[in-house]
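See below for the structure under consideration.
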Amino acid sequence: MSEAASSSEKTAAEKHAERINRLKGLQQKRFEARQQNHKEVVEEDKRNKLPANWESRKRLADWMLEDEKKKKEAEEKGLDYNRVKLLNIDALEAERLSRKKRKPAPNNGFADFEQATIRQYKNLVKNVKPNMEAYEEAKEKLGPAFYGDRNTILHGLHKDKKEAIDKMVTDLEKQVAKREKYSRRRMHNDDADIDYINERNAKFNQKLERFYGEHTRETKLNLERGTAI
């Protein structure tokens, strides 16, 4: 075989090897792209199954952890954490907080059950201080199920402590006692005007009098005297 023929065969072999390598490279890229697409589909499906307020809950939890961390750092340095926070607040935010503190609580008068429930909830949690150690322990123990989604079964994953149960029972007993105190049957006043048809209507009229009595007193007197126009 001549030297020219041998050189031509080597060139053909090299070209064949290059094609094989390029084919393997393309196959590897296709495999990686397929894996990446599958991963993104799984992540998107996982995000779609999360509760609607999951992002806000996570941001709040992260903020609480960061705030607790900064508070501990300030205490270790012997600093007042409230003053440290004020030093890091800009003028606009400080003015907004100041206006919020000066703003009187609105008098809503009559409220529906939803507003009453919200006020009760705020009163109940106002003095509740989170146990960050227990929070971190539960977060580490439960893993992804800590935040949960619509498919997460929480039954059996968490066991309430006896101290927490006793505290809840005590709080509920206080609520029941307070409710009984304010819902006790009022003494009947024989000298009072009868402007109701039953006890429920009497309570409703009392509410009307409490909120609007001063605005309608003159009209009622005119009706009684017969001088109303």
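Note that these values count all heavy atoms, side chains included, but never hydrogens, waters or copies made by symmetry. This is a predicted model, so every value here is computed, not measured.
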(request) Evaluate the criterion side chain to side chain contact (heavy atoms under 4.5 Å, CB included) for residue pair Phe31 and Gln35; output intermediate values, then yes/no. (result) CA-CA 6 Å; Phe31 176 75; Gln35 280 190 323; 3.3 Å; yes
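- When hydrophobic side chains of Ile, Leu, Val, Met, Phe, Trp and Tyr are connected at separations under 4.5 Å, Val169 ends up clustered with Ile165.
- Asn21 CG to Leu26 CG: the interatomic distance, rounded to the nearest 0.5 Å, is 11.0 Å.
- The nearest pair of heavy atoms linking Tyr196 to Asn201 is CA-OD1, 3.0 Å.
- Atom CD of Glu163 is separated from atom CG of Asn131 by 11.0 Å, given to the nearest 0.5 angstrom.
- Gln36 contributes atom CD, which lies 15.0 Å from atom NZ of Lys29 (distance to the nearest 0.5 angstrom).
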(request) Apply side chain to side chain donor-acceptor pair (under 3.5 Å) to Asn205 and Glu209, showing your working. (result) CA-CA 6 Å; Asn205 290 342; Glu209 179 65 25; over 6 Å; no
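- Taken to the nearest 0.5 Å, the CD atom of Glu73 stands 9.0 Å off from the OH atom of Tyr81.
- Atom CD of Glu136 is separated from atom CD of Glu140 by 8.5 Å, given to the nearest 0.5 angstrom.
- Heavy atoms only, all atoms of each residue included: Arg217 and Glu214 are closest at NH1-CA, 3.4 Å.
- Both Phe204 and Tyr212 are members of a single hydrophobic cluster when ILVMFWY side chains are connected at heavy-atom separations under 4.5 Å.
- By the neighbour-count criterion of 12 heavy atoms within 6.0 Å, atom CD of Gln175 is densely surrounded, having more than that number from other residues, nucleotides or ligands.
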(request) Applying side chain to side chain contact (heavy atoms under 4.5 Å, CB included), run through Glu66 and Trp63 and close with a yes or a no. (result) CA-CA 5 Å; Glu66 185 66 20; Trp63 177 86; 5.7 Å; no
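- In the hydrophobic clustering (ILVMFWY side chains linked at under 4.5 Å, chained through shared members), Met168 is joined by Leu172.
- Remark: His215 NE2 is packed, more than 12 non-hydrogen atoms of other residues, nucleotides or ligands lying under 6.0 Å away.
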(message) Apply side chain to side chain contact (heavy atoms under 4.5 Å, CB included) to residues Arg210 and Lys207 and explain how you reach the verdict.
(response) CA-CA 5 Å; Arg210 185 163 63 250; Lys207 288 182 180 180; 3.5 Å; yes
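- Electrostatic pairing of Lys167 and Asp171 does not count as a salt bridge here, judged by no charged N lying under 4.0 Å from a carboxylate O.
- Ionic pairing of Asp67 and Lys71 is not present here: no N-O contact between side-chain nitrogen and carboxylate oxygen is shorter than 4.0 angstrom.
- Of the inter-residue distances, the one linking Arg30 atom CZ with Gln27 atom CD reads 6.0 Å to the nearest 0.5 angstrom.
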(request) In sequence, state the C-alpha distance, the side-chain angles, and the governing distance for Gln28 and Glu32, and then conclude on side chain to side chain donor-acceptor pair (under 3.5 Å). (result) CA-CA 6 Å; Gln28 180 64 26; Glu32 292 174 355; 3.2 Å; yes
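- In Lys139, the NZ atom is crowded: over 12 heavy atoms of neighbouring residues, nucleotides or ligands sit closer than 6.0 Å.
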